[in-house]
Student: 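What follows is a structure written as structure tokens; I'll ask about it next.
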Amino acid sequence: MTGGEAVIASLAVHGVTTVFGIPGTHNLALFSVMQKHGIVNITTRHEQGAGYAADGYARSSGQIGVVITTTGPAALNAAAALAQANSDSVPTLLIAPGMPTGHPSQGNGLLHELRDQQGVFSSLVAESHRVESVAEIPVAIARAFARMRSGRPRSEYLEIPLDLLEATEVVTLLNPLPVAQQSLPPDGDLAAVVAALDSAKNIVIVAGGGAADADAEIAAIAEKLHAPVVTTTNGKGTLSEDHWLSLGAGVQHQTVLDALEQADAVLAVGTEFAPSDWWLGVPKFSGAVIRIDIDESAVLTNVIPNHALIGDASKTLGLLVGLVSERELPDRARLEELQKSVVAEHAQSGKNWLSALKSLNAVLPDDTIIAADNAMAAYYGALGLLTLRHSRSYLFPSGGGTLGFGLPAGIGAKIANPEAAVVVIQGDGGIMFSIQELSTAAECGLALPIIVFDNGGYGEIHNEMADRDDPIHSVALASPDFPALARSLGCIGISVTKDEDLGSLVSEALKADRPTLLHVLESSEAAKALHKY
Ligand SMILES: Cc1ncc(C[n+]2csc(CCOP(=O)(O)OP(=O)(O)O)c2C)c(N)n1
Ligand SMILES: [Mg+2]
């Protein structure tokens, strides 16, 4: 078979049914055999959209997201998405053709030429590899999938020289490599942790993105220890946010910081204690810190723990649940006081979006997945104000903080979870980074509500300029007529005139035969200020 078919057949053997990408002169040997191997390409309108859609697909489902671009600028267009996925530990693989074997490294003017395409990605993702023969292709793909399915998932780049994509050789396809049993911590380490937990009075649990899929075990250990659970952004929903022990996604708030600083023991699962989550800084712990992480280097990031357990979150928690002693019920009044304070902090930081998000929250079903952009309505609003009920339910570009993520990530999530209620939350600035993906969503016939909170520009940056007493410029944007724009791209477009209507409009959009853009004009301070320019 050709090198191109070796790639596509290997992906099919690894269970891939959907890829995201754009065809070009140099990657036709991939596109020509997709149908033969049962793989569907979702054609996005920009490769960055393909990257974020693959991220949303992977983040929401736990499957590997695959992006296919052509050479040079096309691969570079997907680069920000691959770096974003890497920073949030999302297993996403970009496959691109590269310059042919024997190509002069100084270049000779070949179409889409880049000096060192593979080198670009080696600084962005966990593994960047260029194969040197057709026979190597199945090996490279089997290795990439095995790495992404074991340990801490990361993004990867695989380059196939374009002459090898067309070259024909006898190819031996490889079945997926058996992935080793996820590691478990040694008994001695577990015993020390059990002793620390059994002797603590107040325990708080922190769940991060690494606790995804450990929903049942987080609930079990919380219920046995009677310990409240707070999550980071990527961990939102891991303990259902209407569970009596939930503190929601609140690590950005002072109340939670105080509770963690006063705790006798903190059990942190699958989290880096990243500054992008802990806006006020990480707590100054007075009690014992216990960290569980699959990645032995991540367990030391930002906070040096008293006890480190290296292992898979579900399996390690499953062991701990059987070993720790059942504790007395907590002081219920104190817990409820704490929960009330966190809710008050969410309401304060999200006051501009409170009525709209309250109306949305009232209609969200249990299987909701929110795909949010780096807009204030998301991180000051939805993060705290929406009640989510399972892990992988809040897709947000936490590490990279990139704009243009929400809409394509929502498309990927809806394709991976067609029955779930996927809702996109965007700002007016960020959606213009990937507005063209409305066409992709329309073409796929996705029942996808896309809420655009419009404050007339780059609201957060306006506020930062104002706080610094800088001259205000470059932040006020002339908004297009968003509903009309959406309609021209094949979607339904609606102006939301009353915040209270948002919930019922989203419910309708979830039943529609195409995407619906819901335009909400903000009356926030930032909006008032931006409209002056
Ligand atoms: C790719 C990228 N470019 C620039 C920025 C810097 N940035 C952060 S927030 C922001 C404003 C976003 O505007 P909008 O989406 O309307 O949200 P708002 O702040 O108004 O709520 C900008 C430009 C970024 N985060 N990502
Ligand atoms: Mg804005």
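FYI, side chains are in, hydrogens and waters are out, and symmetry mates aren't considered; it's all heavy atoms of this structure. Nothing here was measured: the structure is a model prediction, and the numbers come from that model. Residue numbers run from 1 in the order of the sequence given. Atoms within each ligand, like the ligands themselves, are counted from 1 in listed order.
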Student: Looking only at non-hydrogen atoms, find the nearest pair between Ala54 and Val67 and report the distance.
Tutor: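 Looking at all heavy atoms of both residues, the shortest contact is CB-CG2, 3.5 Å.
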Student: Can you pull out the closest protein heavy atom to atom 21 (O) of ligand 1? Residue, atom name and distance to 0.1 Å, please.
Tutor: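 Of every protein heavy atom, Met376 N, 3.0 Å lies nearest to atom 21 (O) of ligand 1.
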Student: With rounding to the nearest 0.5 Å, note down the distance linking CG in Leu383 to NE2 in His346.
Tutor: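 Leu383 atom CG to His346 atom NE2 measures 7.0 Å (nearest 0.5 Å).
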Student: For Asp293, is there an ion pair with Arg291 - N to carboxylate O distance below 4.0 angstrom?
Tutor: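 Judged by the 4.0 Å cut-off on N to carboxylate O distance, Arg291 and Asp293 do not form a salt bridge.
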Student: Report the nearest protein non-hydrogen atom to atom 14 (P) of ligand 1: residue, atom name, distance rounded to 0.1 Å.
Tutor: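 Scanning the protein heavy atoms, the shortest distance from atom 14 (P) of ligand 1 goes to Gly429 N, 3.5 Å.
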Student: Of all N, O or S atoms in Asp428, identify the one at the shortest distance from the Mg ion (ligand 2).
Tutor: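 Nearest to the Mg ion (ligand 2) within Asp428's N, O and S set: OD1.
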Student: Are any non-hydrogen side-chain atoms of Ser61 and Arg392 less than 4.5 angstrom apart?
Tutor: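 Sidechains of Arg392 and Ser61: no contact.
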Student: Got a salt bridge between Glu443 and Arg514, using NZ or NE/NH1/NH2 to carboxylate O under 4.0 Å?
Tutor: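 Salt bridge flag = no for Arg514 with Glu443.
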Student: Taking N or O atoms only and a 3.5 Å limit, does Ile431 qualify as a polar contact for ligand 1?
Tutor: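 No, Ile431 has no N/O under 3.5 Å of an N/O on ligand 1.
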Student: Quick check on contacts: which atoms of ligand 1 are under 4.0 angstrom from a heavy atom of Phe433?
Tutor: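 Listed by number with element: 1 (C), 3 (N).
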Student: State if Asn374 counts as touching ligand 1 under the rule of any non-hydrogen atom under 4.0 Å.
Tutor: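 Contact present.
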Student: Please identify which of these residues, His129, Arg130, Gln118, meets the side-chain hydrogen bond (donor to acceptor under 3.5 Å, both in side chains) condition with Glu159.
Tutor: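 Passing option: Arg130.
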Student: Between Asp428 and ligand 1, which part of the residue brings a heavy atom under 4.0 Å of the ligand: side chain, backbone, both or neither?
Tutor: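 The part of Asp428 near ligand 1 is both the backbone and the side chain.
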Student: Out of all atoms in ligand 1, which are within 4.0 Å of some heavy atom of Tyr458? Include the element for each.
Tutor: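 Checking each atom against Tyr458, I get 11 (C), 12 (C), 13 (O), 20 (O), 23 (C).
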Student: Quick test: of every protein heavy atom, which one is nearest to atom 26 (N) of ligand 1, and how far off is it to 0.1 Å?
Tutor: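 Checked against all protein heavy atoms, atom 26 (N) of ligand 1 sits closest to Leu403 N, 3.3 Å.
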Student: For ligand 1, is there an atom lying under 4.0 Å from some heavy atom of Phe453?
Tutor: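 Phe453 does not count as a contact of ligand 1 under the 4.0 Å cut-off.
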Student: Check this for me - ligand 1, Gly459, N or O atoms closer than 3.5 angstrom, yes or no?
Tutor: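 It does: an N or O of Gly459 is found under 3.5 Å from an N or O of ligand 1.
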Student: Would you tell me whether Tyr379 and Glu460 have side-chain atoms, one donor and one acceptor, within less than 3.5 Å of each other?
Tutor: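 Yes, side-chain donor-acceptor contact under 3.5 Å.
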Student: Below 2.8 Å, can you find an N, O or S atom of Tyr458 next to the Mg ion (ligand 2)?
Tutor: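 Not a single backbone or side-chain N, O or S atom of Tyr458 is under 2.8 Å from the Mg ion (ligand 2).
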Student: With a 4.5 Å cut-off on side-chain heavy atoms, are Thr44 and Ile22 touching?
Tutor: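 Side chain of Ile22 against side chain of Thr44, heavy atoms only: contact under 4.5 Å found.
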Student: Just let me know how Asn455 lines up against ligand 1, side chain, backbone, both or neither, with a heavy-atom cut-off below 4.0 Å.
Tutor: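 Answer for Asn455: side chain.
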Student: Going by the atom numbers of ligand 1, which of them fall below 4.0 Å from some non-hydrogen atom of Ala375?
Tutor: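 That gives atoms 17 (O), 21 (O) of ligand 1.
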Student: Verify the distance test for Ala527 against the Mg ion (ligand 2): any N/O/S atom under 2.8 Å, yes or no.
Tutor: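 Of the N, O and S atoms in Ala527, none lies under 2.8 Å from the Mg ion (ligand 2), which means no.
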Student: As a test of understanding, state which of Asp366, Asn361, Asp242, Thr368 forms a side-chain hydrogen bond (donor to acceptor under 3.5 Å, both in side chains) with Thr387.
Tutor: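 That would be Asn361; it is the only one of Asp366, Asn361, Asp242, Thr368 passing the side-chain hydrogen bond (donor to acceptor under 3.5 Å, both in side chains) with Thr387.
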Student: Counting C-beta onward and ignoring hydrogens, is there a side-chain heavy-atom pair between His26 and Leu111 closer than 4.5 Å?
Tutor: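 Counting from C-beta outward, His26 and Leu111 do come under 4.5 Å.
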Student: Does an N or O from Ile461, backbone or side chain, lie closer than 3.5 Å to an N or O of ligand 1?
Tutor: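 Looking only at distances, the answer is no, because the N/O contact criterion of under 3.5 Å is not met.
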Student: Is it the case that the side chains of Ser524 and Asn352 hold a donor-acceptor pair, with the cut-off being a distance below 3.5 Å and no angle test?
Tutor: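 The criterion, which ignores hydrogens and geometry beyond distance, is not satisfied for Ser524 and Asn352.
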Student: Using non-hydrogen atoms of the residue, decide whether Ala526 is closer than 4.0 angstrom to ligand 1.
Tutor: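 No, Ala526 has no heavy atom closer than 4.0 Å to ligand 1.
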Student: Say whether Gly430, considering both its backbone and side-chain N or O atoms, lies within less than 3.5 Å of an N or O atom on ligand 1.
Tutor: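 For ligand 1, there is an N or O atom that lies under 3.5 Å from one belonging to Gly430.
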Student: Salt bridge between Glu241 and Arg389, side-chain N to carboxylate O under 4.0 Å?
Tutor: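 Here Glu241 does not pair with Arg389 in a salt bridge, since their nearest N and O are not under 4.0 Å apart.
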Student: Does any N or O of ligand 1 fall below 3.5 Å from an N or O anywhere on Glu460, backbone included?
Tutor: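 It does: an N or O of Glu460 is found under 3.5 Å from an N or O of ligand 1.
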Student: Give the residue, atom name and distance (to 0.1 Å) of the protein heavy atom nearest atom 25 (N) of ligand 1.
Tutor: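 Of every protein heavy atom, Gly401 O, 2.9 Å lies nearest to atom 25 (N) of ligand 1.
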